[in-house]
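Below: one structure, written as structure tokens.
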Amino acid sequence: MMEVPLNSVRRWLFTTNHKDVGILYFITSLYFLVVGGALAVLMRLQLMAPGLNILQSAPFNQAVTVHGLVMVLWFLSPLAFAFANYFVPLQIGARDLAFPRLNALSYWFYLFGGLLAAIGFFTPGGAIDTGWTVYAPLNTTKYAPQLGVTLGGAGLLMLIASVTMSTVNFLVTIFRSRAPGMTLLRMPIYTWGILLTVFMMLFAFPSIAAGVIMLAADRLLGTLYFSSVEGGAILWDHLFWFFGHPEVYIVLVPGLVAIAEVLPVFARKPLYGKKILITALIIGSIMSFMVWAHHMFVTGTDPGFRKFMTITTETISIPFGVATLAFILTLVGASIRFTTPVLFALGGVALFIIGGVTGVFNSSVALDYYLRGTYWIVAHFHYTLVGGATTGLLAALYYWWPKMTGRMFNEKLGKLHFIVYMIGFNLLYFPMHFLIDMPRRVFTYPADMGWELPNMLSTLGTIIFAFSWLILFVNLYQSLRKGEPAGNNPWGAWSLEWLVPSPPPRHNYDGQPVVKADGTITIQPIPANGGHHIHETHYSRWPLFMSLGMFITFLGAGLGLPVLLLGALILISSIVGWAKEEFIAVEPAEGERWPFVSVERVRLGVWTLLFGEIVLFGALIGSYIFVRINSATWPAPGEFLNPIEGAINTFILVTSSLTAILALAGAKSGNQTLLRGGLIATFVLGFIFLFNKGREWSELFSHGITFSSGLPATTFYITTGAHGMHVAAGLAVLIYLIIRAFKGRITKENHVGLEGFDLYWHFVDIVWLFLFPLFYLI
Amino acid sequence: MTAALSPVTAQWQELFNLYLTIGTIVGTFVIALLIYNIIRYRHKPGSPEPADAPTPGKIPAERGTIGAALILTLIVTGILFTITLGTMETVDLIEKPPEKGAMVIKVHGFQWGWKFIYPNGLETVNEVRVPRDEVIIFAVTSDDVFHKFQLIEFKIGVDAIPGKVIWIWIKPADTGEYTIQCFELCGVGHAFMTGRLIVMEPSEFEAWYKG
Ligand code: HEM
Ligand SMILES: [Cu+2]
Ligand SMILES: [Cu+2]
């Protein structure tokens with residue numbers, strides 16, 4: 001176990017403590033805000049007047065793309081998760097997240113993913129330039145041959161991996177680590193919002209993961225998903241927006257719940273209709289998966305489908321309307337103290353109302369025939385994402401800053417920030433409503449269209465808006481240097497994080513927080529003999545090294561084999577290092593666990609992960625069905641794949657599920673021979689399966705059927721290839737389990753790892769039971 | 001007045017105005033309510049804390065009832081319902097050309113321009129001439145990447161997608177020159193992917209088309 005001095009660089013590189021990771025997220029997201037903001041300022045300067053020459057067309061397209069990606073994925077969501085990291089465990093009375101090392105790994109994947117996407121600027125041809133929506137077929141090598149697009153894709157993949165790990169971590173934490181008496185409904189609203197956000201992430205991100213994997217295959221292996229007309233633009237549209245629409249709620253919800261967290265504290269009244277708000281957000285989260293095609297209103301989709309999407313979209317505005325009204329009703333009977341946090345919360349509500357109103361326009365198919373692609377849309381989404389979400393998170397920032405640093409900020413500067421921010425914001429974005437005739441993502445425009453004045457005002461607003469952020473940074477800097485000590489609870493707030501010192505000690509609570517039936521929260525001392533927390537580990541070097549390995553591997557995909565091998569070496573050795581490290585994460589002995597009362601931490605984690613995997617394979621299989629339906633011809637069964645061989649292989653894989661069950665039964669009954677035999681048999685069968693697949697592929701290749709020999713080959717190779725990678729990953733875990741079994745570490749009492757593996761392995765087999773008939777028999 | 005340019009344009013503008021009116025009223029009302037509450041319930045020196053103010057270490061009391069939730073939901077739903085009806089009507093008009101036998105002009109977007117193919121095989125680039133007062137159908141597709149074919153003054157546009165043909169129609173009421181522009185990022189030439197729609201007197205058009 002590693003011990004690290006508190007004031008060292010190593011602390012920040014190797015930390016796994018949720019508060020340290022939260023601070024890392026905080027700083028990094030603000031760094032990306034500055035990157036994205038600088039690009040935005042450049043764009044606005046270029047658009048200040050017609051025919052300027054500050055950013056030419058190609059760099060402008062790169063700027064608009066990286067700005068969009070960075071702001072949504074590397075600034076806004078990570079800022080929300082900075083607070084989530086820091087405060088969700090505190091708010092539910094936990095010592096840390098359920099999987100601390102995984103949390104550190106998420107952070108490093110996020111950082112390195114961002115660097116991968118941004119490095120593109122320094123490669124020939126520049127960064128990714130397809131718009132943040134990366135539409136097909138503009139994203140294919142034919143139209144965008146530069147390395148920057150591939151790097152952007154690699155960066156996205158790392159981010160998706162990071163998000164998936166966070167999802168698993170937060171769901172398990174919220175369901176497993178709540179203090180006794182902290183029922184779901186008693187959780188503070190910010191934690192509630194994060195819970196719903198990670199649920200949406202769990203189902204939304206695998207869809208874009210599948211899209212990016214297919215795109216990477218197209219670009220690196222020459223498959224035809226997005227360069228063919230049978231797949232192409234519409235296939236990408238579905239995959240992207242099935243992710244993309246929930247994504248806008250994923251970034252919005254944390255901002256809204258931040259407002260809901262802050263308002264009551266300064267209004268000195270409880271949140272109006274907390275249950276109503278939670279219900280509304282649950283409905284909104286679920287419905288966010290039923291509206292994606294409103295981004296495809298003018299792509300010629302079926303008219304009935306379009307009307308359906310109009311109705312679902314207008315319906316989804318209901319819960320958000322209700323949420324807004326709940327905020328306003330919270331104020332009734334209040335005694336509002338105008339501090340900086342509440343000003344931002346109230347400002348956020350006002351701006352969100354404007355963005356919500358223009359959103360209803362866009363939900364109408366008829367209006368969208370014209371609005372799609374105009375600056376009206378740019379105005380709308382900045383009012384929601386910046387006006388609503390970012391402003392809400394600024395409220396959270398000012399609210400929690402004293403807790404995170406132990407110091408107050410300067411109120412006067414805070415208020416000045418608010419005023420300059422509101423003026424700048426509205427001057428920047430309101431005029432864009434009048435640019436309803438101007439296309440977005442153009443680097444310049446002609447002088448005779450009457451677009452000069454709004455553009456000029458907007459750029460003026462940009463400068464004021466950018467300046468307002470400077471005020472924030474000055475204020476934070478000064479607060480760190482000479483801010484007043486904050487004390488435990490400067491705002492008179494109720495929730496758990498305010499009961500401990502600012503900043504909280506590393507283990508959060510000197511005791512066990514408990515919520516009594518009447519709602520009083522106490523921190524009960526832990527009996528001397530039960531003081532586990534002293535042994536918790538807070539450092540590990542492997543998350544950083546593993547991410548570095550992944551980063552170099554991806555760079556190698558562009559820079560050549562030696563780099564790739566170096567990366568793979570680092571990656572593999574850090575996986576081994578990780579597996580061998582003794583790392584103690586606390587599993588709280590008792591607490592609120594409804595509805596997963598008897599589900600163990602690791603098992604719940606595997607369940608969660610598998611939900612994401614279902615969506616991933618659903619998207620891959622859905623894409624196969626999509627291109628197959630759109631194709632005029634398709635080879636008959638047996639024409640290029642051998643059903644008999646496929647059936648034999650299916651049989652082998654199914655048998656390996658049985659041997660895996662036997663191994664687990666061996667572990668449960670303490671029969672070591674059965675355990676070891678079962679594991680080895682599973683490994684051998686899995687290996688034969690992969691070996692047969694390898695033979696099948698090489699035979700196909702020798703007949704000249706390659707990745708680019710038409711869509712049947714493309715879909716076959718990539719879908720079964722993705723499955724094969726899952727089998728291979730399973731085999732790697734098996735090696736680890738076999739070693740442990742022979743060391744006698746898998747016992748009657750301790751076999752959760754094996755249980756998790758069994759779940760995973762059955763899942764992989766079930767996927768094959770879908771793939772086999774789809775590819776070999778019909 | 002652009003609204004009268006074409007039936008779809010008129011209907012679009014009418015619908016937009018409906019949304020704008022309702023949106024402005026609702027938006028202004030809600031923001032006014034917000035500001036009213038902020039001013040009315042501001043902290044005044046000496047005013048007491050509300051009885052149910054948040055207290056450290058205590059889960060706050062519940063506020064609000066199911067009845068209140070229902071009322072809130074009904075209000076929001078009622079407003080949305082009205083405007084949805086308007087949308088459905090307009091969509092039907094946009095998507096169903098009123099007359100059979102109208103002239104169909106094929107539109108091919110390409111990096112970076114627009115090609116038009118008339119029924120008689122005549123091809124033009126970045127400029128399309130049509131007669132006044134007649135229904136014209138544009139059958140829009142793309143030869144390479146995703147574009148959006150938009151007629152700015154007519155308030156109508158549609159995506160240009162490779163392998164797919166999507167129809168829109170107009171019935172221009174006035175002669176003159178109008179702007180065509182691409183509204184979907186399509187590469188470095190996107191900003192300059194513009195064209196002209198020229199509406200002519202039917203007799204002049206006939207002469208041009210035949211000649
Ligand atoms: C400093 C403040 C900001 C300014 C001046 C600014 C300005 C702009 C401009 C000029 C565009 C180009 C519009 C286009 O032609 O497509 C744009 C696009 C965009 N912005 Fe911002 N923005 C700012 C902050 C943000 C923030 C905080 C977000 C985060 C959510 C954001 C998200 C986006 C997105 C998603 C796009 C679309 C990019 C695309 O279409 O590819 N912006 N922004
Ligand atoms: Cu959407
Ligand atoms: Cu374009």
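Each chain gets a letter, A, B and so on, in the order its sequence line appears, and its residues count up from 1. Every heavy atom of this structure was used, including side-chain atoms; hydrogens, water molecules and symmetry mates were not.
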Nearest 0.5 Å, what's the CD1-NZ distance between I336(A) and K44(B)? 9.5 Å
I want to know whether W12(B) and Y370(A) have ring centres closer than 6.0 Å. yes
Partner of L346(A) under side chain to side chain contact (heavy atoms under 4.5 Å, CB included), picked from I35(B), N37(B), L34(B), is L34(B)
Using heavy-atom distances under 4.5 Å, tell me whether M449(A) contacts chain B through its side chain, its backbone, both, or neither. side chain
Bottom line for F192(B): the part with an atom under 4.5 Å from chain A's heavy atoms is side chain
So how far is it from D159(B) CG to D237(A) CG, rounded to the nearest 0.5 Å? 7.5 Å
Below 4.5 Å from any heavy atom of chain A, which atoms of I38(B) appear? Answer side chain, backbone, both or neither. both
By a 4.5 Å heavy-atom criterion (distance strictly below it), what part of T179(B) contacts chain A: side chain, backbone, both, or neither? side chain
Counting only non-hydrogen atoms closer than 4.5 Å, does I59(B) touch chain A with its backbone (N, CA, C, O), its side chain (CB onward), both, or neither? both
Okay, T77(B) and chain A: the region with an atom under 4.5 Å from a heavy atom over there is both
Given that the side chain runs from C-beta out, which part of I161(B) has a heavy atom under 4.5 Å from chain A: side chain, backbone, both or neither? side chain
Bottom line for V515(A): the part with an atom under 4.5 Å from chain B's heavy atoms is side chain
V30(B) portion near chain A, given a 4.5 angstrom heavy-atom threshold: both
At a heavy-atom distance under 4.5 Å, which candidate from A267(A), A326(A), S364(A) has the highest pair count against chain B? S364(A)
Pairwise distance OG1(T133(A)) to CD(E184(B)) - rounded to 0.5 angstrom: 6.0 Å
